[in-house]
Colleague: 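Have a look at this one before I ask anything.
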Amino acid sequence: MMKIIGGPASQLLATRVASELDCELALVEYKRFPDGETYVRVLDEIDDVVIIQSMISDEDLIYLLQLIDACSDASVKVVIPYFGYARQGKRFQPGEAISARVMAKTIEADEVLTVNIHDPSVLDYFKVKARDLDAAPLIGRYMQSLDLRKPIFIGPDEFAGSLARSVASKLGADYDVLEKKRLSGEEVKIKAKHLDVANRDVILIDDMISTGGTMAEAIELLRRQKSNDTYIACIHPILAKNAVVKLFKAGVKEIIATDTVEGGVSIISVAPLIARALD
Ligand code: R5P
């Protein structure tokens, strides 16, 4: 019988997937030795298992590798709802490591599932079959439940534009994109572009929010163009450091995200999506 293991980064999501599939959760002991090394022990008998663990920090990857090894006598599927390092999926400058490739190559399993991985070409780096799931329809469905006034979905850059289009189409709403230039890891410049946002509710949408720099710049620009309420939606709410305060200070009304990264804004669960893919 298939069991679900929730890694330390995806405990809630794992329980939600188990409940969707009506299958058992396996209990795992996690601990840390005095020198900082992590330890994993699967306490239940398993022969067919799904490990669910997002990779937000380096430690999350270590736990995932330990879990995979602890289950090496079983048939193992791995779900990595947020696959970190996917923004380093190419060599942008000579001498750089293709970090996403390094991470992907370490995963041994029968199959790997990710959710809205930043760069889908990273899937080719896995040595095993890897599939990406799309949570955009779940965001669209949630947005339908809000009482939005003349909504327009906006991606802060071309890449996020396809996400904006996909969510907007669910509501039959408009969408557009901004032009973004990244100056550093924390700083971006959004080019002013005249959009028809006056007196309209704007939903800025991106695959992930890390420092919040991109979204904060975009919110300020749209507010100058007299937008009405501004919402932010994303799949992966990393929200590093002071991102949340930065975004509310910039004037966002609500941050809406999924539980690929578990936190206070993770109000949409990707559990039904994952459960469907595993069924
Ligand atoms: C990059 O292309 C991603 O889609 C996001 O736009 C980016 O990671 C957001 O980063 P930050 O929140 O630090 O501006």
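Both counts, for ligands and for their atoms, begin at 1 and track the order of listing.
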Colleague: Decide if the gap between the ring center of Tyr30 and the ring center of Tyr63 is smaller than 6.0 angstrom.
Modeller: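 Aromatic pair counts; centres sit under 6.0 Å.
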Colleague: Measure and list all N/O to N/O distances between ligand 1 and the protein that fall under 3.5 angstrom.
Modeller:
| unit_1 | atom_1 | unit_2 | atom_2 | d |
| --- | --- | --- | --- | --- |
| ligand 1 | 4 (O) | Asp206 | OD1 | 3.1 |
| ligand 1 | 4 (O) | Asp207 | OD1 | 2.5 |
| ligand 1 | 6 (O) | Lys180 | NZ | 2.9 |
| ligand 1 | 6 (O) | Asp206 | OD2 | 2.5 |
| ligand 1 | 8 (O) | Arg87 | NH1 | 2.8 |
| ligand 1 | 10 (O) | Arg182 | NH2 | 3.3 |
| ligand 1 | 12 (O) | Ser210 | N | 2.8 |
| ligand 1 | 12 (O) | Thr211 | N | 3.1 |
| ligand 1 | 12 (O) | Gly212 | N | 2.8 |
| ligand 1 | 13 (O) | Thr211 | N | 2.8 |
| ligand 1 | 13 (O) | Thr211 | OG1 | 2.6 |
| ligand 1 | 14 (O) | Arg182 | NH2 | 3.4 |
| ligand 1 | 14 (O) | Thr214 | N | 2.9 |
| ligand 1 | 14 (O) | Thr214 | OG1 | 2.5 |

Colleague: Check the pair Phe126 / Phe83 against ring pair (Phe, Tyr, Trp, His ring centres under 6.0 Å), numbers first and verdict last.
Modeller: CA-CA 12 Å; Phe126 286 92; Phe83 186 82; 5.4 Å; yes
Colleague: Tell me, please, which residues at least two apart from Lys90 pass side chain to side chain donor-acceptor pair (under 3.5 Å).
Modeller: Asp119
Colleague: Please table the atom pairs, donor to acceptor, closer than 3.5 Å between any side-chain atom in residues 95-104 and protein atoms at least two apart or in another chain.
Modeller:
| unit_1 | atom_1 | unit_2 | atom_2 | d |
| --- | --- | --- | --- | --- |
| Glu96 | OE1 | Phe92 | N | 2.9 |
| Glu96 | OE1 | Gln93 | N | 3.2 |
| Ser99 | OG | Gln88 | OE1 | 2.6 |

Colleague: Show me, pair by pair, the donor-acceptor contacts under 3.5 angstrom made by side chains of residues 140-151, not counting sequence neighbours?
Modeller:
| unit_1 | atom_1 | unit_2 | atom_2 | d |
| --- | --- | --- | --- | --- |
| Gln144 | NE2 | Lys170 | O | 3.2 |
| Ser145 | OG | Tyr142 | O | 2.5 |

Colleague: Determine whether the aromatic ring centres of Phe159 and His118 lie less than 6.0 Å apart.
Modeller: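 Aromatic pair counts; centres sit under 6.0 Å.
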